[in-house]
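Computed over heavy atoms, backbone and side chain alike; hydrogens, waters and symmetry mates excluded.
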Protein chains: 2
Amino acid sequence: MAERRGGAAREDGAGFELPLLLFAGFRSLIDELHRDLAEQGHADVRPAYGYALQAVGRDGATASEIGRRLGVSKQAAGKTVEKLEGLGYVERVDDPRDGRRKLVRLTARGVDVLVRSAEGFDRLRARWAEALGADRVRAMEDDLRAMVPADALRLDAPGWFND
Amino acid sequence: MAERRGGAAREDGAGFELPLLLFAGFRSLIDELHRDLAEQGHADVRPAYGYALQAVGRDGATASEIGRRLGVSKQAAGKTVEKLEGLGYVERVDDPRDGRRKLVRLTARGVDVLVRSAEGFDRLRARWAEALGADRVRAMEDDLRAMVPADALRLDAPGWFND
DNA sequence: CTAAAATAGACAACGTGATTGACGAAAAGG
DNA sequence: CCTTTTCGTCAATCACGTTGTCTATTTTAG
């Protein structure tokens with residue numbers, strides 16, 4: 001505890017603030033990204049859809065696989081895919097080699113969201129790096145990576161993001 | 001999502017990792033806290049309840065007030081209070097000075113959860129400080145505070161935490 | 001003082017997103 | 001082959017939130 005006196009002697013923030021801050025950070029990034037996306041012609045992308053699209057991936061995937069990647073039931077994944085299909089972000093085609101499977105694939109519009117999301121997130125991260133310093137952002141990421149159990153990287157919670 | 005772009009982000013993690021890490025950090029803290037609480041006789045506390053109890057506060061509050069603090073409708077707050085009452089964490093008493101109001105107050109059990117939660121969060125934060133260094137944790141908190149709009153500190157999203 | 005406005009709480013209907021359970025069709029394996 | 005898995009879907013249910021409506025009560029204005 002190399003604590004300097006003169007202001008720094010104050011007690012650290014209460015422990016309960018940390019999760020709050022982490023969540024608020026997450027939340028504000030997501031919110032800003034979707035504000036950007038809305039301006040770029042993707043007003044109907046809900047935050048959860050973005051991650052679902054990511055789970056589809058460039059090579060496509062089945063609903064069951066998407067559910068596994070997202071950590072939700074295949075039924076839930078199926079419903080999400082249905083919505084995504086209705087919005088024109090994915091298409092479903094029968095797998096000619098396996099009569100059970102229906103491959104979900106990104107449409108051009110779906111790829112566009114993904115590309116714009118990636119750009120948006122990069123832009124947001126760059127803004128943080130500009131405000132805080134690139135090293136601080138990198139440190140934050142490193143520290144979080146260190147403290148977060150590997151399996152917690154999953155996006156398995158259901159409906160956190162609701163704008 | 002992660003396009004290799006020569007320009008902006010060098011070998012830094014792709015921008016989309018930051019929100020993921022923030023969420024995973026939040027999530028793992030919440031999960032661990034509730035694991036601890038479960039071991040301490042509070043297995044039925046859902047994450048959302050903890051924050052609702054905090055909104056009640058030591059002095060008690062009305063359902064409407066709780067709703068305001070949590071950023072949800074008074075009806076939603078009322079339902080939560082009902083559950084909390086059923087679990088024995090709060091009690092509702094008529095306000096003798098205002099026939100419309102019913103004051104929600106923490107029971108001893110409710111106070112106990114709050115105390116144990118605060119202790120648990122402090123313990124968790126201490127563990128992070130031990131692993132990362134106190135200064136790094138403090139830096140993370142400071143940086144997040146700097147980037148997060150003041151109004152984003154609210155816990156107003158509905159169902160993110162589901163264990 | 002009384003009429004109007006605001007507030008508290010409750011009830012109902014509904015929306016969203018998840019879950020479990022069941023089932024038929026297709027594939028895989030002993 | 002016949003049994004076990006797996007895929008997709010239907011249906012019922014749950015959790016948690018929303019808006020709208022209604023009554024009782026308090027506050028505020030005229």
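In this structure, B/Ala61 and A/Ala77 both approach DNA chain C, and ranking their closest nucleotides by distance from the 5' end singles out B/Ala61.
The distance between atom CD of A/Glu82 and atom C1' of D/dA11, rounded to the nearest whole Å, is 14 Å. Rounded to a whole Å, the CG atom of B/Leu70 is 8 Å from the P atom of D/dG17. Taking atom NZ on B/Lys79 and atom C1' on C/dA8, their separation rounds to 17 Å, with Å as the unit. As rounded to whole Å, 11 Å separates atom C1' of D/dT5 from atom CZ of A/Arg68. Distance B/Ile66 CD1 to C/dA10 C1': 15 Å, rounded to the nearest Å. A/Arg46 has its CZ atom 8 Å from the C1' atom of C/dT16, to the nearest Å.
At least one donor-acceptor pair closer than 3.5 Å links the side chain of B/His34 to the backbone N or O of B/Ile30. Judged by distance alone, with hydrogens and angles left aside, the side-chain atoms of A/Asp98 form a donor-acceptor pair with the main-chain N or O of A/Arg100 at under 3.5 Å. Judged purely by atom type and a 3.5 angstrom limit, B/Arg69 uses its side chain to pair as donor or acceptor with the backbone of B/Ala55.
Set against C/dG9, D/dG17, D/dG8, the side chain of B/Thr62 has C/dG9 as its closest nucleotide. Which of C/dG9, D/dT19, D/dC7 sits closest to the side chain of A/Lys74 comes down to D/dC7. Nearest to the side-chain atoms of A/Ala63 among the listed nucleotides C/dA8, D/dG8, D/dA15 stands D/dG8. Closest approach to the B/Arg101 side chain among C/dA18, C/dG9, D/dG17 is made by C/dG9 (side chain taken as heavy atoms from C-beta onward). You'll find that the side chain of A/Arg92 is closest to D/dT9, out of D/dG17, D/dT21, D/dT9.
By the side chain to side chain donor-acceptor pair (under 3.5 Å) test, B/Arg35 pairs with no residue at all, sequence neighbours left out. Among residues two or more places apart in sequence or in another chain, the ring pair (Phe, Tyr, Trp, His ring centres under 6.0 Å) test is passed with B/Phe121 by none. Applying the side-chain contact (heavy atoms from CB on, under 4.5 Å) test to B/Asp36 and every residue at least two apart in sequence or in another chain returns B/Arg123. The side chain to side chain donor-acceptor pair (under 3.5 Å) test applied to B/Gln75 returns no partner, not counting sequence neighbours.
Between C/dG9 and B/Ser64, a contact under 4.0 Å exists linking OP1 or OP2 to a side-chain N or O. A close approach under 4.0 Å does occur between a side-chain nitrogen or oxygen of A/Lys83 and OP1 or OP2 of C/dG17. Between A/Tyr49 and C/dT16, a side-chain N or O to OP1/OP2 separation shorter than 4.0 Å is absent. Phosphate contact (OP1/OP2 of C/dT19, side-chain N/O of A/Ser73, threshold under 4.0 Å): present.
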- Task: Using a 4.0 Å heavy-atom cut-off, write out nucleotides 24-30 of chain C from 5' to 3' as B (base contacted by protein), S (sugar-phosphate only) or - (no contact).
- Result: -BBS---

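Sorted by first then second residue, the salt bridge (charged side-chain N to carboxylate O under 4.0 Å, His left out) pairs that include residues 107-116 of chain B, not counting sequence neighbours, are B/Asp44-B/Arg109, B/Asp112-B/Arg116.
The base of D/dG8 has none of its N or O atoms less than 3.5 Å from a complementary donor or acceptor on the side chain of A/Lys102. Under 3.5 Å, the side chain of A/Gln75 and the base of C/dG17 form no donor-acceptor pair of N or O atoms.
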